[in-house]
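Note: hydrogens, waters and symmetry copies are ignored here, and every other heavy atom, side chains too, is used.
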Amino acid sequence: MDVADLARLQFAFTAAYHFMFVPLSVGVGLIMAIFQTKAYRENTPQNVAAATFWARFFTVTFAVGVATGITMEFSFGTNWADYSRFVGDIFGAPLAAEALFAFFLESTFLGVVIFGRNRVSKKFYLASAWLVWAGSCLSALWIIIANSWMQTPAGYTISADGTRALMTDFFQAAFNPSTLARYFHTVIALVIMGALVAVAIGAYHARHGKAEFGHKSIAVGTIVAIAACVAMLPAMHQQAVVTSVQQPEKLAAMEAQYEDGPADMWILGWVDEQNESVIGIAVPIDGMTSILIANDPAYETMGLHSVKAEYGETAPVQVVFQAYHLMVAGFGGIALWVLLGLIAMVKHKKGKEVGNGLLKALYFGPIFPFLCIESGWFVAEIGRQPWIVWELLRTDAAYSQSVDPVQLTITLVLFAAIYLFILIMYIRIALRVIKESPKDELPAASAEGQVM
């Protein structure tokens, strides 16, 4: 592998690893805030214990997410120096804002949640829990702003020597054509992840002696998941519309469409790149993708032949096609597991016994949003190739010329070893937090009159 391939592999590995913990922290942050609200409204030992449990689980995940995200920012300078020089004037603002506004907001009020239950007023403590979640959502916004600019650049001009993109309008750059569609699509997916984690943990405790906490967690997770899945439907549609308008080349790879014209939809398949066809099962409606995008089966989209004629190459079609259809299939799995959670919730509410088989099945719910999130990221990033900044900077012109393959190989192996250690430790700590059933706590003394 050459330097460019190794640099891309290293960044993909670190980003995909980091993105295992971001969905958990954002999604579980909402669950934590909901349980803190329950404890505020009914200050019972059980509610306080449940809120404390979710705060502990969130804290462990948040800490690992922060630690694993730092390496990516360093790699901008070490492995992608030419890219950093090109986008630095624009990327500096959102990355700095993410650290100064979002991370500090999240970490400051997380300190209040961890240490301040009996030291601040009940209202301030509750507000702190929601501000932690708001901070995580704000952090996601700044990162999506930076990444969306790479997908659909706006509010910029190119320097006279052609080596830098210079910001001309902050709001146009920040709220470029794909920012909001991608942000809502992503955050809703993270909420679904947290909701199904809550259902899975609740199912575990429902089977192991903490039925009240377990079924409360199943109920909260299921209700949140249903609301998020409903919200995801228009979010997915809007994301598809934006992609078809702003990046039709990516859409062509997603459905392996080689000729210009109406876009069909495949349920599953394998791309025969040599014969430029797909072997698989298609939706039996002509132009189904065109219908979803424009409500018109005759709506024409760009084909891969036109993409190659314009750019000289296309994105890796097989990878993008399979990742996209894995994401779609994963959403089907999400819908099924949300239904299972709803069945468990309704049965418990009616006083019927929820069988061990159903509770065990709920353990596997988080797998599906995880697959959707990771495969969706692959579609977004690999689907825009050969560009690292859409139609402005090619990926093979963005890596650091001073780095050699040996250095990249060594650091990649070291990252893999360190990340494996971190993952093992996280799993051990997280499982211990989960297995230690929430201990009922005495209601905290009223702190309404305390000084914040």
Side-chain angles (χ1 to χ4, degrees), residues 144 147-154 176-186 189 232-273 276-278 280-283 285-331 372-392 394-395:
I144 291 292
N147 186 267
S148 294
W149 189 88
M150 295 163 61
Q151 306 277 349
T152 52
N176 58 72
S178 66
T179 295
L180 293 180
R182 298 179 74 241
Y183 176 70
F184 289 115
H185 182 74
T186 301
M232 179 59 84
L233 297 176
M236 288 191 299
H237 170 70
Q238 187 60 32
Q239 177 74 347
V241 170
V242 170
T243 301
S244 68
V245 173
Q246 300 294 330
Q247 295 177 301
E249 301 88 343
K250 183 185 291 186
L251 183 66
M254 288 161 60
E255 288 293 357
Q257 179 177 340
Y258 283 89
E259 301 293 342
D260 294 356
D264 294 330
M265 177 177 287
W266 292 93
I267 298 173
L268 57 88
W270 185 262
V271 182
D272 182 353
E273 297 186 64
E276 299 182 342
S277 63
V278 178
I281 303 172
V283 175
I285 300 175
D286 291 340
M288 188 63 199
T289 296
S290 294
I291 292 172
L292 293 178
I293 292 171
N295 198 30
D296 179 6
Y299 178 80
E300 295 193 356
T301 63
M302 177 182 285
L304 291 167
H305 287 158
S306 296
V307 177
K308 191 168 185 179
E310 185 172 353
Y311 300 138
E313 61 179 306
T314 67
V317 180
Q318 189 74 261
V319 176
V320 177
F321 180 92
Q322 298 302 338
Y324 171 67
H325 289 85
L326 178 61
M327 179 180 65
V328 174
F331 188 71
C372 288
I373 290 166
E374 291 286 350
S375 58
W377 175 74
F378 271 83
V379 173
E381 302 309 304
I382 298 177
R384 75 161 181 263
Q385 299 304 317
W387 303 100
I388 192 168
V389 179
W390 191 255
E391 297 185 335
L392 295 180
R394 293 175 68 97
T395 304

With a 4.5 Å heavy-atom cut-off, do Pro153 and Val389 have their side chains touching? yes
Side chain proximity check, Thr179 to Trp149, heavy atoms < 4.5 angstrom: no
Please check if the side chain of Glu276 supplies one atom and the backbone of Asp272 the other of a donor-acceptor pair under 3.5 Å. no
Enter the distance from Ile382:CD1 to Thr395:OG1 here, rounded to the nearest 0.5 Å. 10.5 Å
Is the backbone N or O of Gly269 less than 3.5 Å from a side-chain atom of Gln322, with the two atoms forming a donor-acceptor pair by type? yes
With no hydrogens and no angle check, just 3.5 Å: does a side-chain donor-acceptor pair link Glu249 and Thr314? no
Here the pair of heavy atoms bringing Thr186 nearest to Ile144 is OG1-CD1, 3.9 Å
Output, in order, the C-alpha distance, side-chain angles, deciding distance and verdict of side chain to side chain contact (heavy atoms under 4.5 Å, CB included) for Gln239 and Phe184. CA-CA 9 Å; Gln239 177 74 347; Phe184 289 115; over 6 Å; no
N-O pairing of Glu313 and Arg394 below 4.0 Å: yes
Considering non-hydrogen atoms only, spot the tightest contact between Ala380 and Gln151 and give its length. O-NE2, 3.2 Å
Is any side-chain heavy atom of Phe331 closer than 4.5 Å to one of Met236? yes
Please confirm whether Trp270 and Phe321 have ring centers closer than 6.0 angstrom. no
If we count only N and O atoms by modelled type, under 3.5 Å, do the side chains of Gln246 and Asn176 hold a donor and an acceptor together? no
Main-chain N/O of Val271 paired to Gln318 side chain as donor or acceptor, under 3.5 Å: yes
CE-CD1 distance between Met288 and Ile267, expressed to the nearest 0.5 angstrom: 10.0 Å
The test is side chain to side chain contact (heavy atoms under 4.5 Å, CB included); show your working for Tyr324 and Glu255 and say whether it passes. CA-CA 8 Å; Tyr324 171 67; Glu255 288 293 357; 3.3 Å; yes
Just so I know, are the side chains of Val307 and Met302 near enough to count as touching, which here means a heavy-atom distance under 4.5 Å? yes
Checking Gln247 against Thr152: is there a side-chain donor and acceptor pair closer than 3.5 Å? no
Kindly say whether Gly261 contributes a backbone atom to a donor-acceptor pair with the side chain of Gln257 at under 3.5 angstrom? yes
Would you say His325's side chain and Trp266's backbone share a donor-acceptor pair under 3.5 angstrom? yes
Show the nearest heavy-atom pair for residues Gln238 and Ala181, with the distance to one decimal. CG-CB, 4.0 Å
If you measure from NZ on Lys308 to OH on Tyr258, what distance do you get to the nearest 0.5 Å? 9.0 Å
Is there a side-chain contact between Val242 and Ser178 (heavy atoms, below 4.5 Å)? yes
Pair Glu259, His305: side-chain N/O donor-acceptor within cut-off below 3.5 Å: yes
Over all heavy atoms of both residues, which pair between Leu251 and Ser244 is shortest? Give the atoms and the distance, please. CD2-CB, 3.8 Å
Taking all heavy atoms of Ala315 and all of Gly383, pick out the closest pair and write down the distance. CB-O, 3.8 Å
What I want to check is whether the side chains of Asp260 and Ser306 have a donor and an acceptor closer together than 3.5 Å. yes
Is a donor on one side and an acceptor on the other found under 3.5 Å between the side chain of Lys250 and the backbone of Thr243? no
In the structure I gave you, are the side-chain heavy atoms of Arg182 and Asn147 within less than 4.5 Å of one another anywhere? yes
Gly287 backbone acceptor or donor facing Asp264 side chain under 3.5 Å: yes
Student check: side-chain heavy atoms of Leu292 and Met265 closer than 4.5 Å: yes
OG1 (Thr289) and OH (Tyr299) are apart, to the nearest 0.5 Å, by 12.0 Å
Closest approach of Asp296 to Ser290 (non-hydrogen atoms, all atoms of both residues): O-CB, 3.3 Å
Tell me whether Arg384 forms a cation-pi arrangement with Trp390, defined as NZ or CZ under 6.0 Å from the six-membered ring centre and within 45 degrees of its axis. no
